[in-house]
2 protein chains.
Amino acid sequence: MTINRRLAATTAHLLPEHKPPGSTGRVLEAALKMFAEHGYAAASMRDLASAAGVKPATIYAHYPSKEHILAELCRIGHEEQYRAVRTAVLGSGADPRDQIVAYVRAHVGFHTTYPMLAVVANSELHVLGETLGAATFVIRRQSEDLLTDIIQRGLDAGIFDVPVPWLAVAAIGGMGLRVAYWFAPDYHVTAAQVADVYAGFALRILAASDKPAGRSASKSRK
Amino acid sequence: MTINRRLAATTAHLLPEHKPPGSTGRVLEAALKMFAEHGYAAASMRDLASAAGVKPATIYAHYPSKEHILAELCRIGHEEQYRAVRTAVLGSGADPRDQIVAYVRAHVGFHTTYPMLAVVANSELHVLGETLGAATFVIRRQSEDLLTDIIQRGLDAGIFDVPVPWLAVAAIGGMGLRVAYWFAPDYHVTAAQVADVYAGFALRILAASDKPAGRSASKSRK
DNA sequence: AGTATATCCTAACGAACGTTAGTTAGTGAC
DNA sequence: GTCACTAACTAACGTTCGTTAGGATATACT
């Protein structure tokens, strides 16, 4: 146990719906842990095998290559993140402020609940070739577009005020992403606290107005 | 040239004061580029050598090991970042708001000017053993403490208002760090724009008050 | 019982890895 | 001319890598 860890989380888990049954799932979860803790290139197939409790050759009965395992993890990670934020936003009201709160809460929630998945899906994605990474890129783009659209609707309604909208997307996305690296369940802040506080930060970044949800022209207030 | 890059920047450069003369410097700069683009583990000594225009064995005339090269880059990166923010804060006034603006401008400026250095220093640091990484950890801690102290002073003065101060540190630091991954000089926003807008975001996150620099409602200065 | 299938194994392949030993070419001093 | 020094080289070391071939074991069906 070094002082110097890549991320604070120590346990790897997949959603039951994303974890294949039997040894396939154990291999995938072992790969998640190893890739997250040491990085894709530094984790060998022999490492994955011993973490999964099988011999190296056995992995090839479940996945055709090391890169395919990473592709699967990246796909699951981005898919689950998009599903989380999309569900949250759809379940919130029509007010862009509520949608931002829902988005950021779900975004941060994902990064606190599945930190290893987030770290692997985001920081090892560059390894994937264009064919294996294609599915993931589409989803990643959708997540970003969703946030962009919410912000744009808020700007159009005069509820938000930011000089360069795309920078707000980058800032809100960036601060959420980093949570996966330092958050641990036994920390001095709970996941719910982080989600709430970060949702508040996002509203502040967007200079969300206090006025009621009514329709407003392009005039902002101060 | 893949769609799928680890960071947007394409050129590696070191500050003249940090770049050793001759081949040593060329090796260090080649390592910076390779480690940033492909990661420490995925970049081989043969890759570094050919990027630096030398043969693999020659590198060992300049550095004792691959890990020592990374340690040097991490040290330079954190040292330069700390120097930048510290100088900026010391050159600003006593008002915590001015100090935050100075800090974030310098922080973002570092990440736009030396994106590869930032990426390597932050995302490959976990590779370093305790001995080789020790020097870097100290500096990293100092940078974080500086931001924490500014925010705490603003809170004490009643100028800032955040529910959990440490989360503001994490959020402001996180959004700045991510800039290194997407920023490129030929982007549709300039480095100065990003720095200014992000400084504004930081003030908003802290709910900085508009009132003049005098003393505040609830607390007094020392 | 015999066969098919699924699952995991042992053993090893060729390639690439970080690193080292020993050598060669170029330079300036005497 | 030769000595000492520097900086680069060629070649190879032992290890580990991702991956594959082929055999063993257990369960399921006929």
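A note on names: the letters A, B, ... follow the listed sequences, proteins ahead of strands, and every chain is numbered from 1. The shown structure was predicted, so the numbers you read here are calculated from the model rather than taken from an experiment.
Side-chain atoms of A:S123 and A:R6 include a donor-acceptor pair closer than 3.5 Å. Using modelled atom types, one finds a donor on one side chain and an acceptor on the other under 3.5 Å when comparing B:R153 with B:Q99.
Note that the first and last nucleotides of DNA chain C, 5' to 3', having any atom under 4.0 angstrom from a heavy atom of chain B are C:dC17 to C:dA21.
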| note | The contact string for nucleotides 7-18 of chain D, one letter per nucleotide 5' to 3', using protein heavy atoms under 4.0 Å with B, S and - for base, sugar-phosphate only and none, comes out as -SBB-B----BB

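With hydrogens and angles ignored, the 3.5 Å screen pairs a side-chain donor or acceptor of A:N4 with a backbone N or O of B:L125. Without hydrogens or angle criteria, B:S92 side chain to B:V89 main chain gives a donor-acceptor distance under 3.5 Å. Looking at A:T58, its side chain never comes within 3.5 Å of a backbone N or O of A:V54 through a donor-acceptor pair.
A salt bridge links B:E72 with B:R75: the distance from a Lys NZ or Arg NE/NH1/NH2 to an Asp or Glu carboxylate oxygen falls below 4.0 Å.
Every side-chain contact (heavy atoms from CB on, under 4.5 Å) that A:H18 has, sequence neighbours left out, goes to A:L15, A:I76, A:E79, A:E80. A:Y103 pairs by the ring-ring contact (aromatic ring centres under 6.0 Å, His included) definition with A:H107, not counting sequence neighbours. The side-chain contact (heavy atoms from CB on, under 4.5 Å) test applied to B:D47 returns B:M34, B:S44, not counting sequence neighbours.
If you check residues 32-39 of chain B against DNA chain C, you find no residue with a heavy atom closer than 4.0 Å.
Ring pair B:W166/A:W182 is perpendicular by interplanar angle, where above 60° counts as perpendicular and below 30° as parallel.
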